[in-house]
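The figures here come from the full heavy-atom set of this structure, side chains too, leaving out hydrogens, waters and symmetry mates. Reminder, nothing fancy here: chain letters follow the sequence lines and each chain counts from 1.
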Amino acid sequence: MKEYDHKSIEPKWQKKWEDSGMYVASDTSDAKKLYLLVEFPYPSGDGLHVGHVRPYTALDVVARKRRMQGENVLYPMGWDAFGLPTENYAIKTGIHPKDVTKQNTDNFRKQIKSIGISFDWSREINTTDPDYYKWTQWIFLQLYKDGLAYKDKMAINWCLSCKIGLANEEVVDGKCERCGGETEKREKEQWMLAITKYAERLDKDLDDVNYIERVVLGQRNWIGKSEGAEIEFKIKDSKEVMCVFTTRPDTLFGTTYMVVAPEHPFVAEMQKSIKNIDEVRAYLQQTSKKTDIERTAEGKEKSGVELQGIKAINPANNKEIPVFIADYVLAHYGTGAIMAVPAHDERDNEFARKYNLPIVEVVQRPPEKNEETVYTGEGILINSGKFNGVETQRARIAITKEVRGRSKTTFKLRDWVFSRQRYWGEPIPMIYCEKDGWVPVPETDLPIELPEVEKYEPTDDGESPLSTIDEWVNTVCPICGGPAKRETDTMPNWAGSSWYFLRYTDPKNAKAFASTESLKRWMPVDWYNGGMEHTTLHLLYSRFWHKFLFDKGLVPTSEPYIKRTSHGLILADGGEKMSKSKGNVINPNDVVEQVGADTLRVYEMFMGPFDQAIPWSTNSMVGARRFLERVWRAQELISETSLDENLERLLHQTIKKVTNDIENMKFNTAVSTLMVFMNGIEEVGAITKEAYLMLIQLLAPFAPHITEELWESCGQKGSVHETTWPRYDHHKIKETTVTIVVQVNGKVRGSFEAPRDEEKAQLLEVALTIEKVQAHIDGKKVAKTIHIPNKLINIVV
RNA sequence: GCCGGAAUGGCGGAAUUGGUAGACGCGCACGACUCAAAAUCGUGUUCCUUCGGGAGUGGGAGUUCGAUUCUCCCUUCCGGCACCA
């Protein structure tokens, strides 16, 4: 027998697979289709990370198993290659981002191939390829035509170090999501996408998809749907009305003051009536200087100023109430104004206490609730005129109706800031004409390609580097033919990834982003695995684009992904995140070199639950390697004798468990089950060839190279990956004898072997003969006995 | 603060329609092989113990013949959101 030498085996089979094209998904097969997707990586200069290997291997295991079960599997890969690190590298070195991208993708491709993932490389895509981003631009134009893309001057989050505008989703703790630098608010004209028009459907349709719970919750939370009512308050001695949004119209009688956001136009409109206008202006100035971080950083101490001379009328009881401005009310949410009910809202309560405002309870507090806390729950109304005694849920509708309010649903979700003042992104295909305003580039002119530039840095005034190239910027208006200028902003790097899964179905189509036929064949994605960090960004954006395309009749389903799962991070040995600066990064290249791709794969599947973060342990990895070596050596144990009865049962149990565990992503227990079977083979010391070949098949999805080699050396023809997945015989799984556990008062006192399905009376008889059992019931009366078939006898004394 | 998730040997983890806690792997100890070492193989490995047993799945109560699993309260850790009316 040869030694197990991964260095010769792995490249050998990788080449055979590539030459045979056996992982190319068929566009003509009648077999059941299965579209498996992992997030395509940003090809960074650091190369592949062991963290990439986990999800790629996991769905590769599923892909290989399902192919063996006869399905036509599409499992593609590509590159999400626009982005800042490449651009920053270009700024530093002067090398064109295109060249950097080429180097990086070549490296990534080579690395991924070295771990034997069965991607269909014939469908490889790259978001920076003009043939690809032509269609990203095309989709933008369709959004524009439908009024879903618009330009707006607005306060955006500005990253001081990237010199770039950021979407809200890209700001984390007031810091830039990408570089971690400080951000501030800045007024700037930006292209926006009206994702909020899809808020309701993005929320509701989560009911119909099979996403893991934490993804659904993350999206729901981000969309922030909230049902309530809009109610108008008259302003005393004025024609003005103030409209508020509330989720608790039932507490209207408890409204003792109102608050409007400092930015609310009401303040300017009413300035003549405001007696303390200087004080108000001082407050406005103070808050406008504050960033969101500062507003929240002050321990949430609420502040505000009363608008003296202004009174609002509570429509429920016609009482005059004061009006405040305070920065705890947000201008962009609801109507930018609230009715304050300090008895039943914690924020209002805090504010009312600080400014000595009346607090009127209108919902009866249940007796068990602490009187110190603000009661925000449901109950029976009090101090509410004719609504006294009504239950809060019903009162919401009744009071809203009484004061002519209207039901209203609001969302936290805000429109998507789509402009970036950067070079390395898709140019936004719009032209500005003095006469005609913003004009879309004609579709026949797409793609608008990125021009060559000398400097990649954004300009000091925050404009894109494209703005300095006059011959590119200056163009003619598609409508009037007069002089006009191109938009120099580019798209954010979420653009290309918002539809890439569609392109895989028909990657070379020059007439459409994908043909209807291809889309019908492959969509929707059956199973999409990716990181939790993309729950509110990529996943929401791509669902939005897909729903838009569905509305246009361009894709066959309203949801792009049927099932979404998520992998846990791989941490460094000590449990910290792997990072270059800490020097604790494990390079998959080194691992493949030293112990082989199969060992790496088996280890990553075995290390722990797939959805859980887990520390890397090079020590533990040797267990995976030892296991493969034992499988290798077990060739020697193949003998002509018939299969041991216990081993046969174990084999069928193994087939069942591995088959189920793969589908449930319990890869760790699938591998351990294979190990148990291997232990069984060694214990018996012999195995039939047939049973050994089944072990090879079950292991094949996890360790595709060594199993090919073993399959071949056992004299089998063709690839193990093209064989039929083993089936188990449920008759052969059942044990003929079972271990019966004997308990006395619930404590284990002994056990014995008995034939399967033995009667209780017989079992009890045997149980009572056990010495230890006798010792524990000695002199006591047996109250009752409990029998769980084929499991245990419990004697209660 | 709110919403999720988690807590099991020296370590990663396994086991739930409630039924032998610690599968599998790592590590460790001892033994075999070897001049020796590595590799490999074998045996053992939750803790305490007066060797009869006893305790034990973050802590405390409860339901049950029986609880890692179900209920209530609490602690700690991780992740997400954060003045959203």
TODO: Among B/C26, B/A85, B/A14, find the nucleotide with the atom closest to the side chain of A/N619.
DONE: B/C26
Open item on the list: For B/G79, give the paired nucleotide (Watson-Crick: N1-N3 plus N6-O4 or O6-N4; G-U: N1-O2 and O6-N3; both under 3.5 Å), or none.
Closed with: B/C3
Open item on the list: Counting the atoms with a prime plus P, OP1 and OP2 as sugar-phosphate, which does A/R630 contact under 4.0 Å by heavy atoms, base, sugar-phosphate, or nothing?
Closed with: sugar-phosphate
- [ ] For A/N668, report the nucleic acid contact type (base, sugar-phosphate, nothing); a contact means any heavy atom under 4.0 Å.
- [x] sugar-phosphate
TODO: Using distance alone, with no hydrogens and no angle criterion, decide if A/S620 and A/Y603 have a side-chain donor and acceptor under 3.5 Å apart.
DONE: no
- [ ] Name the nucleic acid region contacted by A/Q612, choosing base, sugar-phosphate or nothing; use a 4.0 angstrom heavy-atom cut-off, strictly under.
- [x] sugar-phosphate
TODO: Round to the nearest Å and state the distance from A/D573 atom CG to B/G27 atom P.
DONE: 13 Å
- [ ] Establish, from distance only, whether the side-chain atoms of A/H534 and A/E39 form a donor-acceptor pair under 3.5 Å.
- [x] yes
Open item on the list: Going by the glycosidic torsion and a 90 degree boundary from 0, is the base of B/G79 oriented syn or anti?
Closed with: anti
Open item on the list: Checking base pairs now: Watson-Crick or wobble, both atom distances under 3.5 Å. What partners B/A32?
Closed with: B/U40
Open item on the list: Give me the distance, rounded to whole Å, that separates B/C73 from B/C83 when you measure between the P atoms they each carry.
Closed with: 28 Å
TODO: Verify, without hydrogens or angle tests, whether A/Y355 (side chain) and A/G304 (backbone) share a donor-acceptor contact under 3.5 angstrom.
DONE: yes
Task: Identity of whatever pairs with B/U45 - Watson-Crick or G-U, under 3.5 angstrom - done: B/G27
Task: Minimum-distance nucleotide (side-chain atoms of A/V748 versus B/C65, B/G25, B/U20) - done: B/U20
TODO: Would you kindly give the CZ-to-C1' distance between A/R749 and B/G54, to the nearest whole Å?
DONE: 10 Å
- [ ] Write down the distance separating the C1' atoms in B/A67 and B/A21, rounded off to the nearest Å.
- [x] 11 Å
Open item on the list: Considering every strand and a 4.0 Å limit on heavy-atom distances, what is the contact class for A/V741: base, sugar-phosphate, or nothing?
Closed with: base
Open item on the list: I need the CG-C1' distance between A/N745 and B/U64, as an integer number of Å.
Closed with: 13 Å
Task: Rounded C1' spacing from B/G44 to B/U57 in Å - done: 23 Å
TODO: Tell me what A/T669 touches on the nucleic acid: a base, only sugar-phosphate, or nothing, going by heavy atoms under 4.0 Å.
DONE: sugar-phosphate
- [ ] Select from A/E629 and A/S672 the residue whose nearest nucleotide in RNA chain B is closer to the 5' end of that strand.
- [x] A/S672
Open item on the list: For A/W416 and A/Y541, take the angle between the two ring planes, folded into 0 to 90°, and tell me which bin it lands in: parallel under 30, tilted 30 to 60, perpendicular over 60.
Closed with: parallel
Task: Candidate nucleotides B/A14, B/A55, B/A85, ranked by approach to the side chain of A/K747 - the nearest - done: B/A55
- [ ] Between B/G18 and B/U64, how far apart are the P atoms? Round to whole Å, please.
- [x] 16 Å
TODO: Determine the interatomic distance between C1' on B/G1 and the same-named atom on B/U49; round to the nearest Å.
DONE: 49 Å
- [ ] Describe the nucleic acid contact of A/K657 in one word from base, sugar-phosphate, nothing, applying a heavy-atom distance below 4.0 Å.
- [x] nothing
Open item on the list: Say we look at B/A14 and B/A7: how far apart would their C1' atoms be, to the nearest angstrom?
Closed with: 15 Å
Task: Options B/A85, B/C83, B/C65, nucleotide nearest the side-chain atoms of A/K784 - done: B/C65
TODO: For A/K577 and B/G79, give me the distance from atom NZ to atom C1', rounded to whole Å.
DONE: 10 Å
Task: Base-pairing assignment for B/G9 (Watson-Crick or G-U wobble, both under 3.5 Å) - done: none
- [ ] Describe the nucleic acid contact of A/T739 in one word from base, sugar-phosphate, nothing, applying a heavy-atom distance below 4.0 Å.
- [x] base
Open item on the list: Can you identify which nucleotide, out of B/G19, B/G27, B/G25, has its nearest atom closest to the A/Q743 side chain?
Closed with: B/G19
Task: Anti or syn - B/G9, cut at 90° from 0 - done: syn
Task: Spacing of the C1' atoms in B/U76 and B/G59 (rounded, Å) - done: 10 Å
Task: Out of B/A23, B/G19, B/G25, whichever nucleotide has its closest atom nearest the side chain of A/L792 - done: B/G19
Open item on the list: Is A/R633 close enough to B/C41 that one of its side-chain N or O atoms is under 4.0 Å from OP1 or OP2 there?
Closed with: yes
Task: Pi-cation contact, A/Y328 with A/K302 (under 6.0 Å, within 45°) - done: yes
Task: A/R626 vs B/U40: side-chain N/O to OP1/OP2 distance below 4.0 Å - done: yes
Task: Integer-rounded Å distance: B/A14 C1' and A/F667 CZ - done: 17 Å
- [ ] Pick base, sugar-phosphate or nothing for A/S751, based on heavy-atom distances below 4.0 Å to the nucleic acid.
- [x] nothing
Open item on the list: Distance alone, cut at 3.5 Å: any donor-acceptor contact between the side chains of A/T669 and A/D661?
Closed with: yes
Open item on the list: If I take atom CG in residue A/N679 and atom P in nucleotide B/G25, what distance separates them, rounded to the nearest angstrom?
Closed with: 5 Å
Open item on the list: Quick check on RNA chain B: between A/I614 and A/H776, whose nearest nucleotide comes earlier from the 5' end?
Closed with: A/I614
Open item on the list: Can you tell me which nucleotide in B/G25, B/C65, B/G4 comes closest to the side chain of A/R214?
Closed with: B/G4
Task: Separation of B/G66 P from A/I795 CD1 (nearest whole Å) - done: 15 Å
Open item on the list: Both distances below 3.5 Å, Watson-Crick or wobble geometry, any strand: find the nucleotide opposite B/C72.
Closed with: B/G60
Open item on the list: If you only use heavy atoms from C-beta on, which nucleotide in B/C83, B/G27, B/C81 is closest to the side chain of A/Y328?
Closed with: B/C83
Open item on the list: Taking any heavy-atom pair under 4.0 Å as a contact, classify A/K412: base, sugar-phosphate, or nothing.
Closed with: base
TODO: To the nearest Å, give me how far apart CZ (A/R220) and C1' (B/C2) are.
DONE: 18 Å
Task: For B/U20, the Watson-Crick or wobble partner whose two distances fall under 3.5 Å - done: none
- [ ] Identify the nucleotide, in any strand shown, that forms a Watson-Crick or G-U wobble pair with B/A85, with both distances under 3.5 Å; if there is none, say none.
- [x] none
Open item on the list: Under a 3.5 Å cutoff, is there a donor and acceptor pairing between the side chains of A/E604 and A/T57?
Closed with: no
Open item on the list: Could you check whether A/D573 and A/N584, counting side-chain N and O atoms only, form a donor-acceptor pair closer than 3.5 Å?
Closed with: no
Task: Which atom of A/A261 lies closest to which atom of A/L330, heavy atoms considered - done: CB-C, 3.9 Å
